[in-house]
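Have a look at the structure below, then the notes.
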Amino acid sequence: MSFTPDIRLFSCHYTSQQSCADQGAELRKLGFPENIRLNRVSCTGKLQVTTLLKAFEEGADAVYVVGCPVDACHNVKGSLRAAKRVEAVRQALGELGVEPERVAMYHLPRGLHPEFIDAGREMNERIGKLGPGPFRLNRQTESTLMGA
Amino acid sequence: MIIAERKPLAEIVDMVKGHDKILVLACRGCVTVCSAGGEREAAILASLIRLGLQKIGSSAEVIEGSLVRQCDKEYIDAIDRWQGQYDAILSTACGVGVNFIANLRPGDNVYPALNTTFFGGSAQQGIWSEQCAGCGDCVLHLTGGLCPVARCAKSLMNGPCGGSVDGRCEIDREVDCVWQLIYDRMGRLNRREELQTSVPIRDWSSAGHGGPRKQVRKDLTV
């Protein structure tokens, strides 16, 4: 089935800093999937499990988090905490009979690196193959790539 | 404190799936400290129930609330504030809380979100271990403060048994033999000779084997 996945990205301020320059123009130019909604947070360590779950409640097909490298987090252990919470959501999805790979954690260096684009493409491709998620009925009004 | 852990989500969703309005009721006591049933966990669980119900093609209005504790009548009475907003309570308290709601709210459906596991403590973040069995006849004065009832797999009163090897229990090499710990500790305290005394056969009636236990303090009853 061909469909456009609704994917929510939560990225730390530092990792996505340059990615957001010019309202994301550079991102689009480099081929970052336009259906991925980028939400910048001060530190991924501040993300709560409920924040990730809310995205699914809103109808997301997938959610992923991009934070600092584990050994180079600006806030020391922020991205490590985020990874633990992403894992908690993975396990919960599994318990509900939903593909755990609909949520993922990436640790990437600061700035606009090819890996940031690659992670978006990878998620887009993965979810495209998985198909629509089971929570799409609750889909809210579409927002733009830089909506958050 | 009382330690607990969330039940499997499929079990929880199956419990509540027939209800239209569900109150996920957190407890701000022990289960908050052990990160099983406090306000944060209740919010997560409410979200997961909404998702779980949607996954099986069902739905319900799921709200969250919390009580200071769920093991005192005056706090249970405070459930009145959600009157009309639920037809089932999913308690994230320990089993005591669920029982108290069932005892005091005869017309309310109440379900347990947690499995109550043991009395324990947290030696490091995210890890809890059993320390007390609540057996009603404490022997810690005989064992240097380390409990053989809760921490020996056989609850031996005159250990260690033959399964103790290099200070580890035969049930699991990761588990300390508490009798080895007791022996070592009593030695450090120059009290090892106290262990020469045979402990009499234990009367387990105080441990729940004599039926549900009750405690009355006449100086406190009015």
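Every heavy atom of this structure was used, including side-chain atoms; hydrogens, water molecules and symmetry mates were not. Since we're looking at a predicted model, the values are computed, not measured. Chain A is the first sequence line, chain B the second, and so forth, proteins listed ahead of strands; every chain is numbered from 1.
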Inset, instruction - Report the C-alpha separation of S47(B) and E57(A) in whole Å, then their side-chain angles, then the decisive distance to 0.1 Å, and conclude whether the side-chain contact (heavy atoms from CB on, under 4.5 Å) test is met. - result: CA-CA 7 Å; S47(B) 184; E57(A) 285 199 65; 2.6 Å; yes
Inset, instruction - Kindly determine whether R40(B) and Q48(A) satisfy side-chain contact (heavy atoms from CB on, under 4.5 Å), including the steps that lead there. - result: CA-CA 9 Å; R40(B) 179 176 296 185; Q48(A) 296 298 321; 3.6 Å; yes
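Remark: the backbone N or O of P8(B) is not paired with any side-chain donor or acceptor of E95(A) at under 3.5 angstrom.
For NZ of K54(A), the number of neighbouring non-hydrogen atoms (other residues, nucleotides, ligands) closer than 6.0 Å is 12 at most. Within 6.0 Å of CG in D166(B) there are 12 or fewer heavy atoms belonging to other residues, nucleotides or ligands. In the displayed structure, R81(A) atom CZ is contacted under 6.0 Å by at most 12 heavy atoms of other residues, nucleotides or ligands. For E61(B), the CD atom sits in a loose shell: 12 or fewer heavy atoms of surrounding residues, nucleotides or ligands are nearer than 6.0 Å. A 6.0 Å sphere centred on OH of Y106(A) holds more than 12 heavy atoms belonging to other residues, nucleotides or ligands.
Between chain B and the options L93(A), V49(A), V98(A), L53(A), heavy-atom pairs under 4.5 Å are most frequent for L53(A).
For the atom pair L96(A) CG and L51(B) CG, the distance stands at 6.5 Å (nearest 0.5 Å).
K55(B) and F135(A) make their closest contact through CB-CE2, 4.4 Å (heavy atoms, listed as atom of the first residue, atom of the second, distance).
Listed in order of number, the residues of residues 67-74 of chain A that approach chain B to under 4.5 Å between heavy atoms amount to none.
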